[in-house]
There are 2 protein chains.
Amino acid sequence: MKALDTKSALLAEAENLVRTKGYASFSYADLAERVGIRKASIHHHFPTKEELGAVLIDTYLERFTAQLKELGAEDIDTRSKLLTYGDFFAASLEDGQMPLCGALAADAAYLPASLQERVRIFFELHLEWLEAVLREGAAKHDFKLSRPYRKTALMLLSALQGASIVAWALKDPSVIKPVFRQLVEGLAAK
Amino acid sequence: MKALDTKSALLAEAENLVRTKGYASFSYADLAERVGIRKASIHHHFPTKEELGAVLIDTYLERFTAQLKELGAEDIDTRSKLLTYGDFFAASLEDGQMPLCGALAADAAYLPASLQERVRIFFELHLEWLEAVLREGAAKHDFKLSRPYRKTALMLLSALQGASIVAWALKDPSVIKPVFRQLVEGLAAK
DNA sequence: GACTGCCTACCAACTGGTAGATAGTCTGCA
DNA sequence: TGCAGACTATCTACCAGTTGGTAGGCAGTC
């Protein structure tokens, strides 16, 4: 088997495991079973669990960064941008998985330091994107906002992370969209 | 040592451990070290980890239920009730701990079923309380709300859970109050 | 003596790893 | 063209440490 296939299979399965049972609970044995190689072989691709976690977060961040960049550049109104952003989270839950960094963040205090740092970067990235969209929306008079925009960005991000948690605990993915929608509607300048 | 002392010491330490490193990562060995008895002795008080978890959540729920009942009965305006409710979450983070059920909820998919059920009950309890306060506030014309109130309750609870997560990941407890405050202000009938 | 609350000793299962062996593939050189 | 060596990707075997537990014993109290 080609290294690229195995490596990406390992990453895909690791992501699924972290997003369904958390970083602490998933093991190389779980991965071995799912990918069909021996546990010890995984170390060839990822020498330590921490390194696997780091690569996992980095690739997730790259994907998400690209997604947000694309969404930010779309020629649609800022309200739709925000709602589409919220849809990313809802889609996660509908797939039966927590968003990765929400899954990791709850455990942040005992993640290895390199992973904690990456989770923080994830959140900062999201806040910056939200701020940019809010700024754009305020400039276009789509939103009526008080400064600093970061405060509103924090509110929106918190609501989505929290809605994911609540939806996860209640096993009801339909929680997310209405929560976020009413917040976005509340930003309207009207 | 009296059983009541040891048992409550175990529960207190277990709560702290769950709220700082999660249910999956804490062990009877951690508890043994903190309370100063041997690991095997813990089984005398709590035969299984699941039972310890169940008792932990039940006692937390009782405390929280009493707190919410007390707060709900206070002769203050409904806005203050909500803000005080939000302060419970902020106080948790300022203590260097996640709120218990937020810590558990992220891991909900692989908690033992009896614990998953308790986490769900926790959230339902909070939603009911929030709904009651929102209903009271709407009747007094403190709030301008659309029905169903549960939708707004979900939004508020989500924001607090999420703000706890974001604050935890960013190691910045000051995130919570401003997030919640602006949401509560946004409910004002004005 | 009965009960409580601790202890030691032990268990199977599991964790993330280390180390060396093997087999297949590729490349360079005679 | 064939062969040897290097490389890749897997394997077996093993490791120390850890987990939540079981079982029986001991000491203190009533």
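A note on names: the letters A, B, ... follow the listed sequences, proteins ahead of strands, and every chain is numbered from 1. Every heavy atom of this structure was used, including side-chain atoms; hydrogens, water molecules and symmetry mates were not. Predicted model, so just to flag it, every value in this text is computed and none were measured.
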Sugar-phosphate only, base, or nothing, as touched by Phe46(B) at under 4.0 Å among non-hydrogen atoms: nothing
Selection from dT12(D), dT10(D), dC7(C) that lies nearest to any side-chain heavy atom of Arg38(A): dT12(D)
Any donor-acceptor N or O pair under 3.5 Å, side chains Asp30(A), Ser27(A): yes
Ring geometry between His126(A) and Phe122(A) (parallel below 30°, tilted from 30 to 60°, perpendicular above 60°): tilted
Separation of dT15(C) P from Leu52(A) CG (nearest whole Å): 14 Å
Whole-Å gap separating C1' (dG21(D)) and CD (Glu50(B)): 14 Å
Lys49(A) NZ - dT18(D) P separation (whole Å): 16 Å
Leu17(B) CG - dT19(D) P separation (whole Å): 11 Å
Phosphate-side-chain proximity, Thr6(B) and dG5(C), N/O vs OP1/OP2 below 4.0 Å: no
Below 4.0 Å: OP1/OP2 of dG5(C) and any side-chain N or O of His44(B): yes
Base of dG16(C) paired with side chain of Lys39(A) (donor-acceptor, under 3.5 Å): yes
Separation of atom NE2 in His43(A) from atom C1' in dT12(D), rounded to whole Å: 14 Å
Distance, rounded to the nearest Å, where Leu10(A) contributes CG and dG16(C) contributes P: 13 Å
Residues Glu33(A), Lys39(A); criterion salt bridge (Lys or Arg N to Asp or Glu O under 4.0 Å); working and verdict: CA-CA 8 Å; Glu33(A) 186 181 330; Lys39(A) 181 160 66 87; over 6 Å; no
Atom-pair distance (CD1 on Ile37(B); P on dC26(D)), nearest Å: 20 Å
More than 12 heavy atoms from other groups under 6.0 Å of CZ on Arg34(B): yes
Given dT15(C), dT10(D), dT12(D), the nucleotide with the shortest approach to the side chain of Ala29(A): dT15(C)
Short N-O contact, Arg135(B) and Glu128(B), less than 4.0 angstrom: no
d(CD1, Ile42(A); C1', dG17(C)) in whole Å: 12 Å
Sugar-phosphate, base or nothing in reach of Ala40(B), heavy atoms under 4.0 Å: base
N or O in side chain of Ser27(A) less than 4.0 angstrom from dT15(C) OP1/OP2: yes
